[in-house]
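Down below is the structure, laid out as structure tokens.
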Protein chains: 2
Amino acid sequence: MSRDTELVRYANYMGEPDPTEPSLASRLRLAVVRLNRRMRAQRTSSTVSLTQVSAMSCLGKCGPLTPGELAAKEGVQPPSMTRVIATLEESGLVSRRPHPTDGRQAIVELTEQGSAYLRAEVSAREAWLDLTLARLTEQERELLSRAAEIIDRMAGQ
Amino acid sequence: MSRDTELVRYANYMGEPDPTEPSLASRLRLAVVRLNRRMRAQRTSSTVSLTQVSAMSCLGKCGPLTPGELAAKEGVQPPSMTRVIATLEESGLVSRRPHPTDGRQAIVELTEQGSAYLRAEVSAREAWLDLTLARLTEQERELLSRAAEIIDRMAGQ
DNA sequence: TATTGTTATACTCTATAACTATA
DNA sequence: TATAGTTATAGAGTATAACAATA
């Protein structure tokens, strides 16, 4: 997209504010904040938190990664990821091994147990979300599916 | 919606898992977690956090509320809201007055300063989100607008 | 006795700054 | 000197349990 096109879009988008109606940014912010809270509050028997599940999903999807790569993909700072990895390693869900050529780096990957967890337990954690999604219409789910893609792209910028 | 319809929907939705593709629940979870992180990380000169802005937006939209009502609308527990209100009151952005008929309750409302903040500063906090949204196409924004509605409804359940 | 709200306490998530080890 | 990662520390956000005040 050219810089000009982008500016025109921004002008068009910002040009007609409706003071009686909350902006799209406001509504999207509130919706995301609230769903995030709701998902975190969803307790499972497991001790693995939403953040940890998210990191494990990333490893499951991308394969073994260095801590730095994992932090970048999850959009957190390296020290935050250090802690997530340490906790998961203590639980035996991920393992670390030395990088073959660079002594500074490490390779983090799911253990057998971690993979099994991802297959079986993640869906348990997501039970509430699954059920809530199931209550929607097929059209609404299709819409959310596309929205998830867009939101993920926005967050990754 | 009847209970039967709901069960059929759930069966249809859950019946065809595709192991090669992350589920909608997974993708939506990741998208929401990441956008939430990204929004919180968005620093402003202001000292008002995203959670505080969210509570103020709620007061701006609904008018004066008791702490309990505000907690329910935001989907947090009362003690959590106690803290948010206390901080906002210290900053002079909201005020508390006694409930006219029930001595246990209180009425929380935006002050003049709080309203001004909501008009002027909130958009500053949302600058990043606004800009990011402006980079999308009109169709994508329309889609997100509908998604925000659905997500908010899901979170409110 | 039930309801509303607050206080006390603790845990998760995340950040920045400073440090260590390796390239 | 630059990069990858960890340790130390701090702050936001949220919860549960226990308490106080009022209905």
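In what follows, chains are A, B, ... by sequence order, proteins preceding strands, each numbered from 1.
The phosphate of dT6(D) has neither OP1 nor OP2 within less than 4.0 Å of any side-chain N or O from R83(A). Remark: T66(A) is not in phosphate contact with dA4(D), judged by side-chain N or O atoms under 4.0 Å from OP1 or OP2. Contact annotation: T82(A) side-chain N/O to dT7(D) OP1/OP2 distance is not under 4.0 Å. Distances shorter than 4.0 Å separate none of the side-chain N or O atoms of R40(A) from OP1 or OP2 on dC11(C). The side chain of T51(B) contributes an N or O atom lying less than 4.0 Å from OP1 or OP2 of dG13(D). Residue S80(B) places no side-chain N or O under 4.0 Å from the OP1 or OP2 atom of dG13(D). Within the structure, a side-chain polar atom (N or O) of R96(A) is placed less than 4.0 Å from OP1 or OP2 of dT6(D).
For R37(A) and dA15(D), the CZ to P distance is 8 Å, given to the nearest whole Å. Separating the CZ atom of R104(B) from the P atom of dT1(C) is a distance of 16 Å, rounded to the nearest angstrom. Here dA15(C) presents its P atom at 14 Å from CG of L50(B), a figure rounded to the nearest Å. Spacing between atom CG of D102(A) and atom P of dA2(D) amounts to 17 Å, rounded to whole angstrom units. For the pair H99(B) NE2 and dT4(C) P, the interatomic distance rounds to 10 Å; values are reported in whole Å. One atom, CD of Q105(A), and another, C1' of dT6(D), lie 14 Å apart when rounded to the nearest Å. dT14(C) atom C1' lies 11 Å from atom CE of M81(A), rounded to whole Å. We find that CD of E89(A) is positioned 13 Å from C1' of dT6(D), with the value rounded to whole Å.
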Inset, instruction - Please assess R29(B) against L35(A) for the test side chain to side chain contact (heavy atoms under 4.5 Å, CB included), listing each intermediate value before the final yes or no. - result: CA-CA 9 Å; R29(B) 168 175 54 72; L35(A) 185 57; over 6 Å; no
Inset, instruction - Take T51(B) and R37(A) through the side chain to side chain contact (heavy atoms under 4.5 Å, CB included) test and state the conclusion after the steps. - result: CA-CA 11 Å; T51(B) 297; R37(A) 267 190 205 130; 3.8 Å; yes
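Side-chain contact of S54(B) with E74(B): a donor-acceptor pair under 3.5 Å is present, judged by distance alone.
The closest side-chain heavy-atom distance from E140(B) to R153(A) is below 4.5 Å.
The nearest heavy atom of DNA chain C to Q77(A) and to P67(B) marks one nucleotide each, and the one closer to the 5' end goes with P67(B). Projected onto DNA chain C by closest heavy-atom contact, P78(B) and G75(A) fall at different nucleotides, the more 5' of which corresponds to P78(B).
A106(A) comes within 4.0 angstrom of sugar-phosphate atoms only, judged by non-hydrogen atoms across all strands, and of no base. When heavy atoms are screened at a 4.0 angstrom cut-off, T101(B) is found touching the sugar-phosphate backbone but no base atom. Residue S54(B) is classed as having no contact, given no heavy-atom separation below 4.0 Å to the nucleic acid.
Taking every side-chain heavy atom of P79(A) into account, dT6(D) is the closest of dG13(D), dA8(C), dT6(D).
To the nearest 0.5 Å, the span separating CD1 on I107(B) from OG1 on T66(B) amounts to 6.5 Å. Taking CD of Q139(B) as the start and CD of E142(B) as the end, the distance is 9.0 Å to the nearest 0.5 Å.
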